[in-house]
Amino acid sequence: MIRFLLKGLLRDRNRSLMPILIVTAGVALTVLMFCYMTGVLGDMIETTANYSSGHVKMMTRAYAKNKAQVPNDLALLDVNDLLTKLHHNYPTMEFVQRINLGGLLDSPDKNRETKKQGIVAGIAVDLLSKNSKEIDRLNIRNSLRKGRFPKKPNEVLLSDEFADKLEVKPGGTVTLITSTMYGSMSIQNFVVAGTIDFGMQAMDRSGMIADISGIQNALDMNDACGEILGFLNSQNYDDIQAMNVEQTFNKKYSDEDDEFSPVMTRLKNESMMSDYFDYVDNIVGIIISIFIFSMSIVLWNTGLIGGLRRYGEVGVRLAIGEEKGHIYRSMIMESILIGIIGSFIGTIIGLGFSYWIQEVGINVGDILKNSKMMVPSVFRAKITTPAYYLGFIPGLFSIVLGTMLSGIGIYKRKTAQLFKELDT
Amino acid sequence: MEQNFLITINNLVKNFPIGGGEFTALNGINLTFNTGEFVGFVGPSGSGKTTLLNIIGSLDTPSEGSVNVLGREVGKLNTKKAAILRRQHLGFIFQTYNLLPVYSVYENVEFPLLLLKMNASERKKAVMDALVWVGLTDKIKSRPAQLSGGECQRVAVARAMVKKPKIVLADEPTANLDAANSHNILKMMLKLNEELKTTFIFATHDDKVIKYLKRKISLEDGKVIQDEIIKTNKEK
């Protein structure tokens with residue numbers, strides 16, 4: 001009997017192929033949507049972490065109060081000693097020094113006179129250490145447009161757009177005009193090793209990346225840095241873990257009465273990030289719920305139509321002597337089979353497209369051209385564990401529910417109407 | 001001495017709710033049927049013939065009175081037991097054939113036997129026998145869409161007959177057929193009736209069918225107005 005019903009299912013494309021295609025499409029869209037939302041919103045968090053906040057960030061209390069002004073005169077001192085302690089206390093974490101700086105970047109002509117000038121937003125990171133992960137963390141390995149990566153402390157990378165604006169090419173010299181940690185003027189020449197696309201409009205307008213030792217030298221910040229960023233040993237930000245680190249560190253090293261004592265903040269507590277986290281949680285939840293609900297209605301309707309289409313067939317089967325319960329169960333089994341096949345194929349297709357968007361990304365740089373937000377200009381999907389099973393909710397649950405609801409009609413139907421229905 | 005009839009109908013009344021009131025489709029029917037009858041309910045539309053056929057077929061239940069089919073009180077059967085009665089002992093033939101379109105001729109005829117959980121070899125023999133009866137052995141792999149109306153109805157007859165039921169109920173079986181096909185189908189049914197002693201009960205107002213009946217029960221306004229045994233030419 002099962003073979004007989006399966007044969008019918010396979011031959012009747014309106015019963016098998018069409019519902020499977022609809023389920024596949026619905027599930028693929030659900031999975032893709034989920035991965036895309038997770039990727040885009042997660043990217044924004046990780047970008048913020050990688051560029052500015054880390055998963056946790058240490059500054060002096062005074063620096064933290066005025067961090068928007070990048071007050072390097074309030075920087076952390078005895079950094080090497082502090083890093084040793086951090087590595088000892090949190091061995092699974094990675095800590096890196098960062099100096100954010102602002103100033104004027106001067107591009108001289110052949111007579112050493114100013115040719116072009118521009119306000120620079122610079123980040124000093126560890127580019128030269130053998131084990132440094134900063135190039136990958138800032139995602140600039142594949143972003144090099146011209147030249148090469150710095151090999152010496154006095155070499156820098158400029159954003160491609162900024163370099164064009166300053167009319168400087170790799171190998172050319174630029175002069176950084178800023179102030180030292182002690183407040184005196186600093187004028188230092190750097191060689192432009194290469195140009196990059198940051199993929200973030202704010203940085204692409206006036207960004208510069210330099211090795212931290214060169215900037216420490218230029219700003220008179222030996223064994224000092226503006227911030228130490230800490231990264232958890234996990235792919236994604238884990239707020240509970242970060243909170244534990246934050247609490248233990250502050251309890252041990254931070255002194256409320258000493259404004260130069262270090263203080264640690266976690267990513268979620270960075271300005272606006274708490275709201276953003278809540279927003280991300282809510283918006284992902286809402287969008288995915290709406291999408292799953294919509295797909296559920298579509299697939300439910302598919303199940304419903306599938307059931308109603310077979311009203312005549314059900315009538316004949318009842319007349320021949322098949323029990324209502326048997327027909328009902330066989331229809332549900334069919335819908336489970338269709339739901340599983342459709343969900344499986346849909347999940348594979350959805351994951352395939354998601355993987356493509358994860359690897360290649362969607363470039364929205366032109367749209368964000370005038371944006372001041374620090375958001376990635378290439379949106380990428382992210383495949384996470386729920387993506388592997390999420391599609392089965394609308395794919396399997398809804399079509400089975402639709403079939404179950406349409407099948408109730410079998411029980412409500414008066415058998416006596418069969419002749420009339422079947423003969424019309 | 002009490003005779004054991006195949007079907008016994010006593011004081012059958014069937015009411016249908018219409019609007020606020022009730023419509024009486026059958027009113028005080030008393031009938032008995034024996035094995036091997038070839039009988040038809042005859043009458044105009046609305047006379048109650050299909051309703052009577054439905055109740056005998058355990059597709060509906062009486063409002064009053066009793067209908068006993070093969071020793072079972074139709075009014076007291078639950079849906080499961082009614083389904084078992086239909087599955088084991090009753091065959092149905094519809095006006096519009098109602099074959100399952102995605103299955104072949106062979107599979108359509110096989111379906112009632114699958115419900116009876118008959119083993120494969122017996123099933124195959126029974127299906128082939130049924131197709132021999134109706135003369136469709138050359139069409140076993142065809143789908144209903146590839147058959148003519150007459151062929152479809154022959155498949156429907158084979159489906160109804162394959163399990164060798166005691167009773168076959170046929171509601172206007174020739175209504176969609178031309179004269180030639182109608183006569184062929186009726187001759188075939190008559191032959192099966194004589195060879196297998198299957199009781200055929202028709203609901204019809206088609207003269208072509210009436211000509212073949214051995215017993216004609218005329219209905220009007222839900223009542224039996226005439227119950228007539230028709231003698232064949234040989235008997236006359």
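Remember, it's a predicted structure, so these values are computed and weren't measured experimentally. All chains are named by letter (A, B, ...) in the order of the sequence lines, taking the proteins before the strands, and each is independently numbered beginning at 1.
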CZ on A:Arg11 to CG on B:Leu100, rounded to 0.5 Å: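 B:Leu100 CG to A:Arg11 CZ: 11.0 Å, rounded to 0.5 Å.
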
Rounded to the nearest 0.5 Å, what separation is found between the CZ atom of A:Arg317 and the CZ atom of B:Arg87?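 Going from the CZ atom of A:Arg317 to the CZ atom of B:Arg87 covers 12.0 Å.
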
So which of B:Glu107, B:Arg159, B:Glu110, B:Gln88 has the biggest tally of heavy-atom pairs under 4.5 Å with chain A?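 Of the candidates given, the most pairs with chain A belong to B:Glu107.
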
So with a 6.0 Å cut-off around [atom1] of [X], is the heavy-atom count from everything else above 12?
X: A:Met18; atom1: CE; value: no
X: A:Met333; atom1: CE; value: no
X: A:Ile240; atom1: CD1; value: no
X: B:Lys208; atom1: NZ; value: yes
X: A:Phe4; atom1: CZ; value: yes
X: B:Asp221; atom1: CG; value: no

Which atoms of B:Lys117 approach chain A - backbone, side chain, both or neither, heavy atom under 4.5 Å: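 Looking at B:Lys117, nothing touches chain A.
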
Toward chain A, the part of B:Arg123 with a non-hydrogen atom under 4.5 Å: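 B:Arg123 has no heavy atom closer than 4.5 Å to chain A.
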
When B:Lys80 is tested against each of A:Glu323, A:Lys324, A:His326 for side-chain contact (heavy atoms from CB on, under 4.5 Å), which residue passes?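 By the side-chain contact (heavy atoms from CB on, under 4.5 Å) criterion, B:Lys80 pairs with just one of A:Glu323, A:Lys324, A:His326: A:Glu323.
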
Atom of [X], atom of [Y] and distance for their closest heavy-atom approach:
X: B:Lys163; Y: A:Ile320; result: NZ-O, 3.5 Å
X: B:Tyr103; Y: A:Leu5; result: OH-CA, 3.7 Å
X: B:Ala83; Y: A:Glu322; result: CB-O, 4.3 Å

